[in-house]
Structure formats: C-alpha cells, structure tokens
Amino acid sequence: MTDLWVALLALFAVWTGWRVFRVDSMVRASFSLMLSFIAVGAIGVLLSAPYIGVATVFMMAVEMMVMAIFMVMFMMNPAGLNPMVMVHQHRLSIGAGVVAALSLGAAVLFSRPPDDAVRAEADVVAELGHELLGPSMLIFETAGVTLLATMVGAVILSSRQGRFGAADEGSRPPGLSDGGAPAGRQPEGGGGHHHHHHHGGHG
Amino acid sequence: MIWSLAYLPALAGQAIWALGGPRGRVATLALGAAAVTLALAVAVGGRTGAFAWSDAIALQAALPPLAQAVAILVPAVLGPIILFAASHEDAAGLPRLLGLMLVFTGGMELIVIAADLVTLLIGWEIVGACSWALIGHKWRQQAPGLSANFAFVMTRAGDLGLFLAVMATFAGAGRVGYDALGALDGWAQALAAFGLLLAAASKAGQVPFAPWLFRAMDGPTPVSALLHSATMVAAGVYILARLHPQLSGAPGFAATAMVVGLGTAILGGAVALRQGHAKKLLAGSTSAQMGLMIATVGAGYPVVAVLHLIVHATTKAALFCAAGLAQGVTGSFDLKDMRLGRRVPVAAALAGVAALSLAAVPSLAGGWSKEEMVKAVEHAGPFWTAAMVIAGGLGAAYATRFWVAAFGPGDDDAPAVPRGEIGALSALALATLALSALWLPAVHDPVASWFGIALPEGSILGQVASLTAVAIGVLAGLRLARTGLEAQSRDWLGLPELYQRGVIEPFHALANTFARVDDAIVDLIPRGVAGIGFAAAGRLSRADDDAIDGLAPVAARRVGRGAVALAVRSTEALASLGAGIGERLSDLIPTASGRLTGMAGADLRGLQTGLAHHYYTILTVGIALAVGLMNFGG
Amino acid sequence: MPIGDLAPELTVLLTAVAVLLLAMVLPQRRHGWCAGLAVLGLGLSMALALGQAGAERLTFSGTYALDPGTTWARLAIPGLAILCAGLAPRWLATDRRHGEFYAMLLFSTLGALAMAGAADLMQLVMGVLLSSVTGYVLAAYHRDWEISLEAGMKYFLVGALANAFLVIGVVFVMGIAGSTDYATLSGQIFEDPLALIGLTLVLTGLFFKLGAVPVHTWVPDVAEGAPVPAAAFLTVVPKLAGAVALFRLVHLAPGLAALPLLIALVAAATMTVGNLTAIWQDDLRRLIGWSSVSQTGYALMAVAVVGVAPMALPALLGFMTVYGLANVVAFAVVAELRGRTRIADYRGLLRARPGAVVALTLAFLSLVGIPPLAGFLGKFALFSATLGTGFGWLAVVAVANTVVSLFYYLRVIAPAVFAAPEGPVETLGGLARAVLWISVAILVGATVLWAPFWASLGQGLLP
Amino acid sequence: MLTLAVLIPLLAAAVLALAPVGAGAARWTATGAPALSLLALIAVWAGGGEGFRAVSEVPWIPTLGIAWRVGVDGMSLALALMSALIFVAASAWPMELHHPRSYYAWMAFLAGVSIGLFVTLDLIIFYVFFDLSLVGMYFLIGRWGHGEAQHAALKFFVYTLAGSLLILIGIIVLALNMPEMTFDMRAIIDSPPLAAAGMVPGLIFLAFVVGFGIKTPVFPVHTWLPPAHVNAPGPASAILAGVLLKMGTYGLIRIPMQMMPETFARWALPLAVVGVISILWGSIVAFAQDNLKRRIAYTSVNHMGYTVLGIAVAGSALGSEAARQMALTGAVVEMIAHGLITGALFLVAGAVWQRAGDYHLPNFGGLAGPAPRLTGAATLAAFASLGLPGLAGFVAELHIFLGTFAVYPWLGAIGLLGILITAALFLRMIRQMFFGDMPKERAGFTDLTGTETALLAGLLALVVLIGIWPAWLLELIDAAALIPALGPGG
Amino acid sequence: MTLTIVLLGAAALIGIGLYGALSQQSFVMLMMGLELMLNGALLAVIGFWSLSLGGMPEGQLLAIIVMAVMAVEMAIGFALVVAIYRKRQADMTESIGTLKG
C-alpha cells in the first residue's frame, strides 16, 4: 500500500515538475514546483522520514511563496502573471534532459544498492538529532556558518539603503585616473535589450 | 730550419706589404727575400722537420732532391718576376702585389717541402687563396674580382680531391704521411690516387678545369708569369711527380694520368694556336705543357717531368714577361696590334730564345726536356707516343706563331725603352740558355744521378718523328702568323667540323634546354638573388663570343665553361629554391604550428560566448563525456 | 570533540564575525581598518596552524583531516588571502559596504579551509558551498558596476549547476557505498554505474572550484569583471583548496583505472583550452584568467598520477603555491595601475612605471616556468612527478602548452618593454603597492626557499 | 674560482640595472666583468688537471639531487674561455645606443649566464642558464634591434623555449632513472642510465636532439636564426652566433653523447645525416642571400652542421677510436673557431650597419678603398670561415672530415661539397662589399676605429694562432676523455 | 522495487531540471530548474535512506544538506538577480553577455 502511494506520489512529483516548464506563467510554474516538492516531502513522510518530509514541505512552501511574491512584486511587472514562453536552445535542452534521465535510469537499473530498509521501531528524529550534535557536528556547524555568510552576502548585494545612504553608490572600480571611468570593458548601453521585447503574449 | 723555407717568404711578404714604401725600396726588399729563400732552398736540402698538432696529426716536411730542385726553382724564377713587376706595375699597389707574391711563394714552398698530406693541403689551399688575391689585384675593376672568385672556386673544386685523398689515407692507414699513402690498398688507395690526380689536374689547368687559367689572365702580368711558371700550376705536376712512387700502384692511375695529360696537351695546343690574346695564348700553352708533364709522370718518369717543369718555368716566365712588355708598348694584349720586332729588338731576341725553347727546337733547353719526355712516353706505347709527337708539333706551332705575331718585324720602328722589363726578360732568357747545357751528357748525366734515376732510352724512330713534328710545327706557326690572326677556314684538319657537329651543336641544344628550365626557375627567384653566378655565366658567354672563333679549342673550352656555368647555375637555382620554397617549407614548422595554434585559439575563443546557457551546455556535454569515460573507459 | 583542532578555522570565523561587527560601528572612511583586523586574524590563524603543523589524524569523528595537505592549506590559503586583502583598502575606498568585503573574504577563506580539510563528502559539500556563495558575492561586489555584477551572476549560474551536480553525486555515492566518510569509502572499488556517475559528478563540483574544463567558463569572466582584489582571491584561493580536496578524493579510488585517465584528459584539455583561448585576448585581466585556467591544467597533472608517483602531492602543493603567488603578483600589478587592463594601454609602460612592468614580467616568466623563478621549480616538480609514470605524454602536452603560453605572455610584456611610452600613468599606491612588492619579494625569494619548503611538504594524505 | 667567474658578470649586471651610472662607465663595467671572468678561467686553466677540475658544490635542493655544482673539463673550459673572450669583445664594441645602461646590464647578465652554462656540472643549473640565455637575448634583440626586431625576438624566444622544454623533459627522465635521483653530470656520465634499447631511451634521445638541434640550429629547425640575426644589434649577433649556438652542440656532447652513449650510438647515423644536410643546406641557402647578415647567419647553420656531423661520428661507436676522437676534436674546435670567426664577422656586420644602416649587399661595393682595415678583417674572417688552412676553421673541418670519412665515408664525401659552396659564397660577399665601384650613397664610409680594429685583431689573432699551432687547444680539449667508453658495436 | 521506482522518479526529476536549467531564459525559471534537480536529489536520498541504508542518520543529514544547498543557492541567486535588475532592468541570461571571448 505504502509502495503504491510512493509510486503515485513519485509520478505526481515528476508530472508537476514537468508542469513547471509547461505552464504559461511564472507564478503557476512556482506553484507547480511547490507541488512537486510537497509530493517528495510526502514520500519522505511515507518512507518513515517524517522530519525530513515535513521540513521539505514547509520550507519549500515558504520558498515558493516567496518566489511567487518576488516575481509579482519585484520583477517584471506584469510579466509575473502573464503567459510566457522564454526558452533557448530548446531541442538541445530536451535532448540533454532526456539523455540525463534515461542514463540515470539505466544506471539505477544496473546498480545494486544495499537492501536494508529502515527499521520500523527506529526513532529517526532522535537519531538525526544525535547525529547533528554528535558525529556530524562539524558539518552541521559549517552549514550554519554558510547560512550566516549567505545572509550577509544576500544583504550586501540586494539592500538598497545602507547606513550611509544608497548602498551601492560609489561601489565601482577606481578609474585609471582619480575620478575617471574604470578601465577595461564598459557595460553595454544600460540594459538596452530589455526583456519586454522578448515576450509579449505570444505564448 | 726547413720550415723557414715556407714561412720566411710569407712573413717577409706580409712585412713588405705592411711597410710599403717607394718602388725601389719595395723591390729591393722583395728581391732580398727571394734571394734568402733561394739560399735557404739550396742549404736545407735533405733535411726533414715535424711540427706536432696532436698525437694523430703532425705536420712533416722533407726535401729530397726532386723537391729541392723545385724549391730552388721557385725563388729563382720569382726574382726576375719581381724585377719585372717593379718596373711594370703601378707603384700604388706594388707593396701589396710583391708582398702577396712572396706569401704565395711561401705557400708554394710549403707544398714543395710537405711530407704529409695535411701539410700539402695547407700549402695547396694557401696557394689558392693567394692566387685569388693576386688575380683580383686590381680590385677597383669588375672583371678581376669575378675572375679571381672563379679561379678560386674552380681550383677548390679540384682541391676536394685532395681532401678526399687525405680522408681516404687517414681512414685507410690512420696516418696522413706520404709513407702512409704508399701503404694503402684497395678503395682507399684508388680514392687517394685519383683524388690527388683530380687536385693536380685542377691546379695544373687540365681538362676540364682548364678555363680557370684563362680567367686568371685578368690578373697582372707578373702574377700570370709566376702562376704559370714555377707555382700554382706547377704544383699540380710537382705533386704528381713527388708522389709518383706512392700513387703508381693504384690501378688505372697511369693510364688516366696519360689520357688527361695528353688530351689536354692536344686540346690546349689547339686552343693556343687559335688565340689572338697574347697571354691567353700562353695560358693555353701552359695547359698543354702541363699536360705533357702529367703524361710523362703517368708514363713513369716523374723526374723527367720535373726537369721539363724547370725548363718550362724559365721559358714561360720569360714569355709572359715578354707579353707584358709588349702590352706595355701597345697598350693591349691583342696580337693583331703587335709585331714589335723593330721597336724592341733586344726584347724580341730574348723572347725568341724563350719561344724557340718552348717550341722544343733542339739545342735549346726545351728541346732537350721535351725529347726526354717523348722517350719516356715511348715506354708506354706507340699510341701515346703519337699523341705526344702531335702535341709537340702543336707546341712548336703556337710558340712560333706567338713570337712572330708579337715580335716579328713590323712596320713601326719607333723605339720603345722598357728598362726593368728587359732586365727580367734577359735573366730568364739567359737561364733558359744556361739550361740548354742539359743537352750535354756531361751535364745531364750528373743531374740524373743526383736525382737518382736513369734517363729514358728512346728509339730513333721516335726522335725522328718528334723532330719532324717540331719542324712542321714551326713552319705551320710561321704560316699561321703570316696569314693573319682572324678566323681561319673551318676545314682545318676537319676537326672544327667534327666538333661543331659532334659537340658544339648538341651542347647548344642542351644549353638552350637548360636555359629554359633555368628561366622557369629564375621566375621563382626574388629579384637580385642572382649575383655572381649569373654575372659569371653571362661573362663567360660574352667572353666566348668575343675571343673564340668557333674552332677546335672552342669545344674544349665550351665543354669546360659550360660545365662550370651549369654547375653555377644549378647551384644558383638550388640556392634560390632553398632560399625561397625550401626555407618557407622549413619555416612552416614554427609558423604553421603557430598559425594553427592561433586559429585554434580564435576558434576556442568563440566558444566563450559570454552567454550562460552556452556555458551550461559545455558543462553538460563535458559531464556526459566524463560519465561515459568513467563507465566505459576503464 | 577536540575543539582546539580547529583553532585556525575558528580564528578565521571569529575574525569574520568581528569584522562584520567592526564594519557596523566604524565610520565609512575608516573601513580600511577592517582590512587590518582581517589580516591580523588570518595571521593568527596561520600561527595557530603552524603550531599544529605536525598533526596527522582525523578529527571531529572523521569528518576533518589534520595532515600535511591541511597544514599546507592552512598556511597557504590565509597567506594568500592576506595579500588579497591588502590590495582592497584603496581599491574599495569609495564603497559604502567596504568593511563587509573583508568579512566575505574571511568567510570565503573559511570555506576554502573547510573544503581542503574535508574528510567526508558532506563536509566537502558544505565547504564548497560556503566557498562558492561567498565567492559570488565577492565577484559581484562592485554593485554599481554592471561588469562586476555580470561576473558575479555568471559565476553563480555556473556554480549553482555545478553544486547541484555535486550534491546529486554525493547522494549517489552515499546511496551505493553506504557512507560519505572518506575512511569508509577509501579503497572501495566503485563498480555500480550509479556510484561511478556519482563520483564523476562530485569531481565535477571540484573541477568547478579549480576552474577546470568543462567548468572553467567562469574563470575569465570573474578575472575580468570582479574587483581586482576579489579576482586575485577567486582565481587562487578556491583553487588551492580544490586541488587538495580533489587529491584526497582521487586518492580514495586506487583501483579505478578510468579515474586517472579522466583526470589526465581533463588536465590536457584544461591547459590547452586555457592557453589557446588566452592567445588573442586583448584584456590583461581576462588573459590572466585564461592563463589561470591553463595553470589548473598543469596542476591536474599531479592529480592524475596520485598513488603512482610518490612526488605527486608535493608537486601539486608546490606548484599551486608558486602559481598562487605569481597570480597574486600579476593582479597586484593591475591593482597598482588602477585597473589598467587593455594590453594596448601597457605600451611603453616600462619608462613610466618600471617597477610594475618588472613585477609583471617576473610574474609572467614564473607562470611560464622560466628558471630560476619559482614557477620553474613548480613545473619541474610536476614534470618529475609525471614523467616515469604512464602519463609521460601529459608532460609533452604541457611542454607544447608552455610554449604557447610564452607567446601570449610576451604579447603583454613586449610592448610594455619595447614600445615608446604614452601619456601619464597614475597608480593606486598605498597598501596595494606594498602588497605588490611584498608578493614580488616572496615570489623571488621562493627560489631560494624552495629547498626547505619542498622538504617540508608531506608525501601522503589521510583519506 | 668558477663560481666567481659566473657571479662577477651577474653582479655587474645587477649593479648596472640598479645603479645610475653613465654610458661609458656602463660599457667598461660590462667589459670588465667578463674580463675578470676570463682571468679566473685562465687561472683554472693554469691550474691544470685531468677530467673535471676546479670542482665545487653547494647544495640547493638536496632531496632532489640538485646543487650548485661547478667544474670544468677541457671542452667546457675551452668554451667558457672563448665565451668570456667574445663577451669582452662584444661589450667593448663601441655602439651608439638608447638606454646604454640597460643594454650593458643585459650584456653582463648574458655573460654570466653563458659562462655559467659551460662551467656548471648540474643538469638543472645547466637548464636554468640555458633558459636565462633566451631571456637575456630576447630583451637584447627586442629592445636594441632594428627592423622587425620584436617579431624576430619573439620567434627566437618561443622557438628555442620549445627546444629547451624538451631538454628539460629529457633531463628529468635521465635523473629519474638514476639509482638515486641526482642531477650531477659526473654521476650520470659515470653510470649512464637508460642503456637498454627501447622506446623510452629513443624518445628521450629524440627530445634532446630536437631540443639542442633547435638551439644549434640544424636543418630543418633553423628558421629562427636568420631573422634573429638580421634584426639584432651587431654585438648581440656576435654573442648569439659565437656563444649561444654553442650551447646546443655543447649540450649535444655533454648530455646525449656522454650520458646515453648506447642510444646515441644507435641513432648516430640519422644524426650525422642531419648534420650533412645542414652543411649543404646552410651553405646553399647562404649563397642565395642578398642580406649581409642573413648570409653570415646561414653559414652558421652550415658550420654547426659540421659540428653536429663530428659529434654524431664521435658517438657512433663505429670506426676506430682514433677516428672518433678526431671527429670530436674537430667538433669542439669548430665550436671555438666558429665562435671567434663568426663573432668577428658579426662585429664587422655591426660596424657596417653603424656606418651605412644597410645590409643589402648589392648596395655596396668598392669599400676596400675607404675602409682597408674593415676589408682586411672581413676578408680574413671570411677566409677563416670558408676553412682556409692556417686559420682556425680549417683545423676544425679537417679533423671533422678525417674522422667522418673513417666512419661514414659517403657522408664525409658529400659534406665536402659544403666547403666548396662556402668558398663561393664568401668570395662573392667580399667582392660585392669591397671590390668594384663604390656606389654614391656609400661616400663618406669610414674605416674601423682604433678600438674596433683592436678588438677584431684580438679575435682574429686567436683564429690565426689556432690555425697554425692548434696543439695547445687540442691538448686542452682532450677529446679522448670525452668519448664515453662503450662496448664494440654499442 | 519501491527503491527503483523512487530512484527512477529522481532520475526523471533530475532530467527535467536539467532541461529547465539549459532551456530557460529567465534567471528565475532557470533556478527553478536547478531546484528541480535538487528535488530529485532529495527524493533519491530519502529513498536510499529509507529503503537501502537502513535509516542511517547520515542519510537524513544529507537530506538536510540538500535543502540547505537549495536555500543558500536560492537566497544568493535572488540577491544577485535583484542587484542586476536594479542596474540593468535585466532578468534574462542573454542580457548579460558583455564578458565574453
């Protein structure tokens, strides 16, 4: 029974994953992606990894909400809700995806992973806790530092205003002479080809 | 001590050149050096010397009688020539001229005293280089420079034979002394013998090297006199005579020497007979006379050849002085313009002595030594003797013709007074007269015993034939000189026709073919690459047209010059090809790889499009390949 | 948990946090002080590392290795980071978030250290991730300069895909081998295709850090677009760490014949692509970027002969050290010349700025491997390690590439030395110039110091 | 002592690079430094001894068997002496220069490097100096050359670096195959590794031959030479031809011949053929050149062809011991002789350039009038180069041909053609330059100055001395000690 | 059996994700492709942990790491997209093509 659910959920995850690139707006795409994640999270719950599964579901739900809001609020107004097709090297990409999936599938079929299912009585959440604060503490801590660094970095890059006014003002290389233009290649005319040219409801 | 024979004149020559000074002082110093050399040559007879370079190579010197005779001859002839030069040549270049002549003499003496092949080679090449400098003495003019280069390259081509001989001797015996030469056998012996013959033939102006002697005539007259009498040209004969004991064992050596010698003697005689240029006539005669001597060596009588060499040296030096004197009077070497008998009667008489000696008229020295040579060749067989007799007849003809044309009684009787020239001429003519004493058994027997040989015995028939030929030759010479010096009728003995049909026309056809090929190649050549080779070839063909009548001698000369021209041209073509295509081909190694690399660089640069999805593609393809390798490549 | 084992890493971490805090309180024009603090912290970290130099053990339950490789990384990485930090104060003087730059630099250094010492695939992933995310930020640090942002974005795009592959690879390897622990993985023959794919994907993740083909595409863009101090850092420090990490990983699968071959082919491709593409560059920074791709290719020669040649590890470490030095010198010259980067702008520079041209020449000749500069000794070590194994042909490929590389290095030097000078040249001066000369001095001194340095390099690594 | 001989010029270079001295002082510093080296080398020579002498050793990287090792045998001492002498002449040669101080710094640097290359006994140090010579020459040609100097310098550097890297590979493989890794030349010569037949020794030999062949240079890897010469300043050309080319042939003797004799013997014939081809090719192509320097440059290919032929014969393990010694003696003498002669010729060419700014031979003529000393020097050098007896070139070529003929008769015979063509081309050059009419634009051409005359006279006097009395040189070289002992048939 | 199905699902997700990463012009859509690949990794690690490795704790840790990678990459990615958008109003990969060659 569980196996059937798992199989169906896996199929659902794949199908929704496929939908991500088939739907005609980014918001729908991100909801499809969320559904795919939720399916995987559900598989986790079914396969005795409740913590991981639930964490996945919650985390991804939040992330995808953020992503959707992000697109609506911040990015290409009103493109976030508009139908769109924005692809390049499409055939090659399909080919690459198919080849990757098929060869991984073949590898899966030809591989002999150990056959040792999780014991039903195991207290997996506690084991995870012990692992995190025990043998793998260094990894966990490194992950923590990484998250910290990511937050700092993201703030640096994205914040508009800093302590001293506009955060990015003056953040450019020194010129060849004091106050001159930076050396080397110059930016190409201020975002000349704006995306509006590329999609306009033909989708 | 023995080495001083070589380095003393050489050093003296350099000193004289460096010091310079007025005509008289230079001449005196040079004469003094020649005299000292002469004295040394007399004094050091029989001595030996060695100068070690390393364990393997030591320069050796020795002076057996045969060598000593030549060693004495060289400075003895040099003296009068210095005298001649001092009065005949411009004062400006005189120190250089006399100095180089002394260096040249030193080189010749080194050849004479050499007792091993390396020493010989050293002298051999130094003589060649000095002759280059001497022929090119008048460097401001175009012709002497070209001629000097031509002569040097030509003789050096023959020198390669000497190089081969040295190499073969070392390879065969591990040493390079003359004694080692005798110890050779098999291919080493053959290579050594024929290498030496080649070298000797080139120095002695034998076919096919004869043309360089003509080109050498662009040098000053004293140089010609020296070159053609006791040095350079004589070196070829000398070395064959000196090494005859060691070489005669090589199979085929004797016959080849005789073919070359007698062939040149006849062809050279014919050339001389048709010449209108005084010095070139004499040059042709030198080839012919050297041919006779080489044939004599081939017949097994080296001492006889050397005796003729000595006689010929005084004779020929005298004749060149006479020719120079005549040119001094008329301003050119053209025999047409001469007939100076009334203007310079004394000189004419002295030249007459020399000319008769060259003609081998009995009672004069040349007559004796030539008859001895005929006797020597008789031992080789009747055919050789016949050729020898014919050559002798030709010699009598051109000698007579020369004298009559140059010093026969002419119309103009305004006296001209060449002083120093007369002195030199009379010294040489007197020497010729003195050598005539060799007719006397009281003289020639002790000479023969000093050399340690017996003079050859000949048949009466041979003597008669030879003398008859001389007589006919003299008469023919008289007639030829009288009937003028322009082109003769083409049916002279039928030979010109034969040459024309058999050699000249086919050769022209061949030359034209080559010329077309050459043109095709020349098109490939960047302009200006040609230079000396083409200039030389052009000059050769012009000289051909100017000086040669299209008669018998033409064949010899054309073949020789044609061969040279061909060699020069083919080298030229190869050089241009090398400089052009070949260099580009070898330059392909760096440039082509460089260019390919550069193109690959430009192409690869194109891969870095600056577009992220292309980066992704590269990454994905790379991973696919890596996965494939990991799964299937192990 | 012997927390002291990680004292150098913790020092870097604490310094990073301290710098972050300091940057919050300092007025903007004093942010240069943060550089001082960072340098102090890195120096302290090096001193602590020196104190643990002899250690040879696994720590933190086998997730982190203390061995010669880690010791070297703990000295070389902070050392080079100090030089890069020294280039920054003048360069970023106008930046309003100047202070945080050093925090990111320190976090990135920490990531590199974590990567170099990782003895567990998961730790490796975290090290790579920390190093990468901070790297993106460093590359894009000139937020008011599109070129820099573009460089950061491209770095991110390539890195994100590569890291995704890395994680997938780790999952597969763990799924088949049952562990991510090097000590457990060591010697296990990888037979299952899934495990082999996993291993390949993990390698790809490290190739990304090293800038090796096919994940080299970010290097020239970052070298050209990133702030020069960051470019110097990013083309050097992650590579050093990646090289050690890769060495450790390849060390794990001795029986896998295809693995050395793969590395060798990647090495050949990397050096060739890097060199050939560098030929016609007309931007100096980009040229250095491509040259650093090719240098990665040379370094991989040593990895290809892991386990076969006893000198492989010292050769790798020695080569990477001098490569890093020479690269920092080259970027220091660019920094000192205020980012002057078009090759045409270097014409006749010898007259105006002889010091800079001499330094650049020394750096380039060292990168070519002209003796007696240390770059030669590095290449010599690589050749010595490679020749005599089955991968001698790699040395020949490297020779051909070295010849090509001389060509493009001379394309910069020749006009600088031979041409007539053009116009006035301003410099950055200050700490940047000091760093330039300090690094030149170290580079030149490396020739003499090579013998003790070489002797101190370990021959083997812990799993 | 030998270390001193290397360090003095290098120190002088450092001083010149840093200290602000005037042009005159720079010139005398750059002249004095190799002169002091020359004295040091003469002291070593006077010290006498057999085999490697004046040896000293300072460890550098002991774990890898690399050390600063110096010491000379007859061959290297002779070459070092010759190099020092040529550097004295080339540095003292009067030049009008921009940036004279840097120029003389590079000259002194090259002097130290070149002497160092010949006196070192460590393969890595050898390689170091080998490469440094490229760097020095690159900057000399590129900065002070004329015409297409930068391109020529680039080609020179890139091409010869390719060769040197092959040598590096060879060196490393040799050292790796020693029982204990070492780069000590003496140790490797004493027990040559890679004796077995097989692909690896063959490939390593090939690497050495190509590497040294490029530097030498031999056909067909010689094409870097003419442009480098044509565009270099005269004294730099003199050094390039006189000293740097010798590094190739010296290396050929020292490394492949002495350190892998079996392999060398196996491949001696192809090498000899390459030598003969170089002889002919160099002379024939030189014949077609209209540019004075190009012509002299190609004769270098020709002369180095003789040297390579001699070396190949010496290592052939065929023929008699005496013949091989003869060939090797000839090869080494050819190196010395060619250094002196071609050095002199290129200095002459430099003098011509300084006066006329032109190398195109048809634009010349009749210079014997205004410039007799120049004519004399050029003629003497040309005759020496074409192998006239009594001059050094003859001694060399005679030995080479004697040895060659005893081993490979046909090659010896074919190679002889080279001396004929060389004669033709040099005589043609002399005639074009000095004889005949003087073109109008050459009016005012001046003769050699006193300094120039003295320097050329010094070099040429040695040429004459070697030509007449080579015994001292042959004894110094001691070719018998150079040829590795090898079983018959190798 | 279940494991195989799960892994095949993971393979499909990775393939689709790769397709997305290669084909999408928009930064955001491209990142969704990367997320999908990591989703596949997550599915695989859950499958391995539960069905193959006997629930060993490192498996869960790896799952967390996969999530951490997702989060970190997304955060920094969005920050970069924001920064670029602010300077250039660009949200597509083609619009950042200055650095090339």
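This structure is a prediction, so every number in the text was calculated from the model and none was measured.
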- Query: Under the side-chain contact (heavy atoms from CB on, under 4.5 Å) criterion, do Val152(A) and Val137(C) qualify, and how do the steps go?
  - Reply: CA-CA 9 Å; Val152(A) 176; Val137(C) 177; over 6 Å; no

- Query: salt bridge (charged side-chain N to carboxylate O under 4.0 Å, His left out) between Asp168(A) and Arg97(C): does it pass, once the steps are laid out?
  - Reply: CA-CA 8 Å; Asp168(A) 59 354; Arg97(C) 287 197 181 276; over 6 Å; no

- Task: Just do the side-chain contact (heavy atoms from CB on, under 4.5 Å) check on Leu176(A) and Glu426(C) with the steps written out, would you?
- Result: CA-CA 7 Å; Leu176(A) 273 183; Glu426(C) 290 187 31; over 6 Å; no

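Only the side chain of Leu20(C) has a heavy atom closer than 4.5 Å to any heavy atom of chain A. For chain A, no part of Glu191(C) is nearby; none of its heavy atoms comes within less than 4.5 Å. Looking at Leu104(A), both its backbone and its side chain come within 4.5 Å of chain C, counting heavy atoms on both sides. Only the side chain of Leu13(C) comes within contact range of chain A, with heavy atoms under 4.5 Å apart. Neither the backbone nor the side chain of Arg90(C) comes within contact range of chain A; no heavy atoms are under 4.5 Å apart. Proximity to chain A (any heavy atom under 4.5 Å) is restricted, for Leu428(C), to the side chain, taken from C-beta onward. With a 4.5 angstrom heavy-atom cutoff, Leu337(C) touches chain A only via backbone atoms. Of the two parts of Pro27(C), only the backbone, made up of N, CA, C and O, holds a non-hydrogen atom closer than 4.5 Å to a non-hydrogen atom of chain A. In this structure, the portion of Ala23(C) lying under 4.5 Å from any heavy atom of chain A is its backbone and not its side chain. The parts of Asp178(A) that come within reach of chain C are both its backbone and its side chain, each placing non-hydrogen atoms under 4.5 angstrom from that chain. With a threshold of 4.5 angstrom between heavy atoms, Leu110(C) approaches chain A through side-chain atoms but not through N, CA, C or O. Contacts of Gln186(A) with chain C are made by both backbone and side-chain atoms, with heavy-atom separations under 4.5 Å. Heavy atoms closer than 4.5 Å to chain A are found nowhere in Asp282(C), neither backbone nor side chain. Residue Ser148(C): no heavy atom, backbone or side chain, is found under 4.5 Å from chain A.
Trp145(C) has its side chain within reach of Pro187(A): a pair of non-hydrogen atoms, C-beta onward, lies under 4.5 Å apart.
Here Leu130(C) contributes atom CG and Thr142(A) contributes atom OG1; the two are 7.5 Å apart, rounded to the nearest 0.5 Å. Considering CG of Leu157(A) and CE of Met153(C), their distance stands at 10.5 Å, rounded to 0.5 Å. Rounding to the nearest 0.5 Å places CE of Met104(C) at 5.0 Å from CD1 of Ile156(A). Rounding to the nearest 0.5 Å gives a distance of 9.0 Å between CD of Glu146(C) and CZ of Arg172(A). Rounding to the nearest 0.5 Å gives a distance of 13.5 Å between CD of Glu141(A) and CD of Glu9(C). Here OH of Tyr141(C) is found 7.0 Å from OG of Ser171(A). Values are rounded to the nearest 0.5 Å.
Interface with chain C: from residues 107-114 of chain A, residues Ala107(A), Val108(A), Phe110(A), Ser111(A), Arg112(A), Pro113(A), Pro114(A) qualify, criterion being any non-hydrogen pair under 4.5 Å.
The neighbour count for His130(A) NE2, taken as heavy atoms of other residues, nucleotides or ligands under 6.0 Å away, does not exceed 12. Enclosure of atom CZ in Phe12(A) by more than 12 non-hydrogen atoms of other residues, nucleotides or ligands within 6.0 angstrom is indicated.
Between the side chain of Arg340(C) and the backbone N or O of Ala183(A), no donor-acceptor pair lies under 3.5 Å.
The choice from Phe107(C), Trp91(C), Phe101(C) that makes the most heavy-atom pairs within less than 4.5 Å of chain A is Trp91(C). Note: Ile147(C) leads Thr341(C), Ile197(C), Ile147(C), Val133(C) in heavy-atom pairs under 4.5 Å with chain A.
The shortest heavy-atom contact between Met126(C) and Ala143(A) is CE-CA, 3.3 Å.
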